[in-house]
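Every number for a ligand or one of its atoms is a count from 1 in the order of the listing. The structure displayed is predicted, hence computed values, not measured ones. Both backbone and side-chain heavy atoms feed into the values below; hydrogens, waters and symmetry mates do not.
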Amino acid sequence: MRESSSTYASRIRRFRLPRLCIAVVGADAPTMVERAESLVRDNPFLELRLDYIAQPLAALPKLKNFVELHPEATFVATCRRAVNGGKFKGPVAAQIAVLRKAADLGFQLVDLEMQSVESLKANDLRELYDRVGLIISYHDFKATKNIDRQFKEMSKYPADFYKLVSTATSLHDNVVMMKLLEENSAKHEMVGLCMGEQGIISRVLGVRAGSVFTFGSAAKGEETAPGQVLASELRDVYRIEMVDQATQVYGVAGDPVSHSLSPVMMNAAFRRETVNAVYLALHARSLKDLMACVQDIPIRGLSITMPYKQEILPLLENSDPLTRQIGACNTLVRAADGKLYGFNTDVAGVIVPLEQRMSLAGIRVLIVGAGGVARAAAFGLKAKGSEVFLTNRTVEKGQTLARQAKVKYMKRPDVAKQQFDVIINATPVGMNNTKQTPLDEKELNTKYIFDLVYTPAETRLVKMARARNIQVIPGLEMFVQQGARQFEIWTGKPSPIAEMAYVVSKALERQAAEEVGEEPEPPPKKATSKPAKKAVKKAVKAAKKR
Ligand code: NAP
């Protein structure tokens, strides 16, 4: 049975703790203090990983000043033993000595792993518990297995918080962790999350399910656990301090998905429209895993991305006629009856930026590619009365799509001989700064190039087009438009499209700066780059039209 709260409970009541704890590492006390000092103003909840210091007991007095100078902050002392995944090589008795000393110096909480707890005499544990707030922790660095049983064992010991950290090897492991939290967090002060890339969503969903707080890293490269997300991202993008049981869950699902700018864009939209919702990146290694997760997590809507746009359709209860005709779905909605419905907003993503510039009836458009996005473009433009041509690396695939969408297949050698109003690049060629282009310069006989690739903003194709005075429609516009439609489908509200375009263009600028090794600029008041400015302008125009 859990015993009554320790004398420290009043200092660490859940409502007084921030949701986000940042782990601080350093090879010695001065380095750790310097790092903690730079963080504590914005992050009043820090875990000092004393096990990273070579002689923590001797080094602790050097931390005393820092702790005393920040009575507003909450500090956790952790001295995890190497056998349990930490760096401290000493025995349990030495570990306890470090934690006691930390308590005497003013640390409000200490973290002690279950393996050490089990080897302690009841009196020694009681003594520690009476001296300081106690977190009993359990880490599984391989899997999410038997966490229920593990928690049962842990809860036999007195503690202020029970912390379970497992490793997610599938999306569904996050569900297992959430269920444990939901079932026990009303009775116990719990902290729960899954490590690993597959477990990233648990850092937000865990809090939603009752975890009193979660962990974030101070900076890239300073992660103390696999899959740890930047604290600034958890706070600024995912608004972790606002997440509660009523927070609606949305996300983007695909493989890979970590590069996606959808979380930045959609969370900004939710924030702007004050919707209590969070939008996560779900790395789904299989559709089966994704669907199992969707059934159990109260997901309201998903953006579906590569490679599942077509595969997912037969698994949905219903979809609109256009989506069925295209055979690809990029938007999933869970209706009030719990059923899953599919939509395709890629069509609007392609059509709207074009319609803002021209009337589509009768114009000659060449689509390069025959994948999911090319499908949306072909069906969408055909429906608008455009004369659509399509070419593709794998001729057979291109011909099949051309036949299905009732557009014309064009053999690649014929492209250079033709004149178009618009050429759309619906292949990934040019992504990630590759120097390749989907077409050669002599094939660009067109008034507009719409390059659907948006990372980077300035692909080689775009540069080539500009050099030939061809007007460019950046892929960013499609990205924002398809997202705007998703937002509207999910929330029934008009989308804050200018805000969405702005945050994505700034994220792209930051990415570009990081790639060339520049310090990313602090976010200025207004979008600065030409493409970004243009995109924002178009987006605002589009928003006004609707
Ligand atoms: P997909 O289903 O995988 O289709 C990719 C198409 O590109 C296929 O037709 C493929 O030809 C062709 N392709 C791939 N590599 C090629 C190469 N090296 N040379 C020539 N053709 C190549 O992908 P998708 O979902 O349609 O997406 C395509 C691209 O659109 C993405 O990579 C992304 O950059 C962009 N996109 C943009 C947005 C946006 O919002 N702006 C949204 C979604 C996608 P084969 O048939 O011969 O394999």
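- The ligand atoms of ligand 1 that sit less than 4.0 angstrom from a heavy atom of Tyr454 are 39 (C), 41 (N).
- Few gaps surround CD on Glu317; more than 12 heavy atoms of other groups in view lie less than 6.0 Å from it.
- At a 3.5 angstrom cut-off on N or O pairs, Leu476 does not count as close to ligand 1.
- Of all protein heavy atoms, the one lying nearest to atom 37 (C) of ligand 1 is Leu452 O, 3.0 Å.
- Atom 13 (N) of ligand 1 has its closest protein heavy atom at Pro428 CD, 3.7 Å.
- By the 6.0 Å contact criterion, CZ on Arg300 is open, its count of non-hydrogen atoms from other residues, nucleotides or ligands being 12 or less.
- Among all non-hydrogen protein atoms, the one lying nearest atom 4 (O) of ligand 1 is Gly371 CA, 3.3 Å.
- Heavy-atom neighbours of Arg364 CZ from other residues, nucleotides or ligands within 6.0 Å: above the threshold of 12.
- Listed by atom number, the atoms of ligand 1 under 4.0 Å from Met431 heavy atoms are 32 (O), 34 (O).
- Nearest to atom 27 (O) of ligand 1 among the protein's heavy atoms is Val373 CG2, 3.7 Å.
- Ring centroids of Phe420 and Tyr448 are separated by 6.0 Å or more, keeping the two rings apart.
- Residue contact annotation: Gly369 has a non-hydrogen atom under 4.0 Å from ligand 1.
- The protein atom (non-hydrogen) at minimum distance from atom 15 (N) of ligand 1 is Arg393 NH1, 3.5 Å.
- Looking at Val453 against ligand 1, both its backbone and its side chain come within 4.0 Å, counting heavy atoms.
- For the pair Asn392 and ligand 1, the shortest N or O to N or O distance falls below 3.5 Å.
- For atom 39 (C) of ligand 1, the nearest non-hydrogen atom of the protein is Met478 SD, 3.5 Å.
- The side chain of Lys397, and not its backbone, has at least one atom closer than 4.0 Å to an atom of ligand 1 (non-hydrogen atoms only; side chain from C-beta on).
- Of all atoms in ligand 1, numbered sequentially from 1 with element shown, those under 4.0 Å from a heavy atom of Val429 are 16 (C), 17 (C), 18 (N), 19 (N), 20 (C).
- Near Thr394, meaning under 4.0 Å from any of its heavy atoms, are these atoms of ligand 1: 45 (P), 46 (O), 47 (O).
- Taking each of Gly372, Ala374, Ala426 in turn, the one with a heavy atom nearest to atom 6 (C) of ligand 1 proves to be Ala426.
- In plain terms, the two heavy atoms of Glu223 and Gly221 that are nearest each other are OE1-N, 3.1 Å.
- Here the side chain of Asn267 pairs a donor or acceptor atom with the backbone of Tyr279 at under 3.5 angstrom.
- Numbered from 1 in the order shown, with element, the atoms of ligand 1 that lie under 4.0 Å from a heavy atom of Met306 read 3 (O), 23 (O), 25 (O).
- Using a cutoff of 4.0 Å between basic side-chain nitrogens and carboxylate oxygens, Glu509 and Lys506 are scored as salt-bridged.
- Here is the list of ligand 1 atoms found below 4.0 Å of a heavy atom in Gly475: 41 (N).
- Residue Lys309 has no nitrogen or oxygen atom sitting less than 3.5 Å from a nitrogen or oxygen atom of ligand 1, judged on distance alone.
- Defined by atom type and a distance below 3.5 Å, a donor-acceptor pair is present between the side-chain atoms of Thr427 and Asn425.
- The environment of CE in Met242 is sparse: at most 12 heavy-atom neighbours from other residues, nucleotides or ligands sit within 6.0 Å.
- Nearest heavy-atom pair across Ala246 and Asn276 is C-ND2, 3.7 Å.
- With Ser202 contributing its side chain and Cys194 its backbone, the two residues share a donor-acceptor pair below 3.5 Å.
- In the displayed structure, Glu396 atom CD is contacted under 6.0 Å by at most 12 heavy atoms of other residues, nucleotides or ligands.
- Contacts of Arg375 with ligand 1, taken as heavy-atom pairs under 4.0 Å, are absent altogether.
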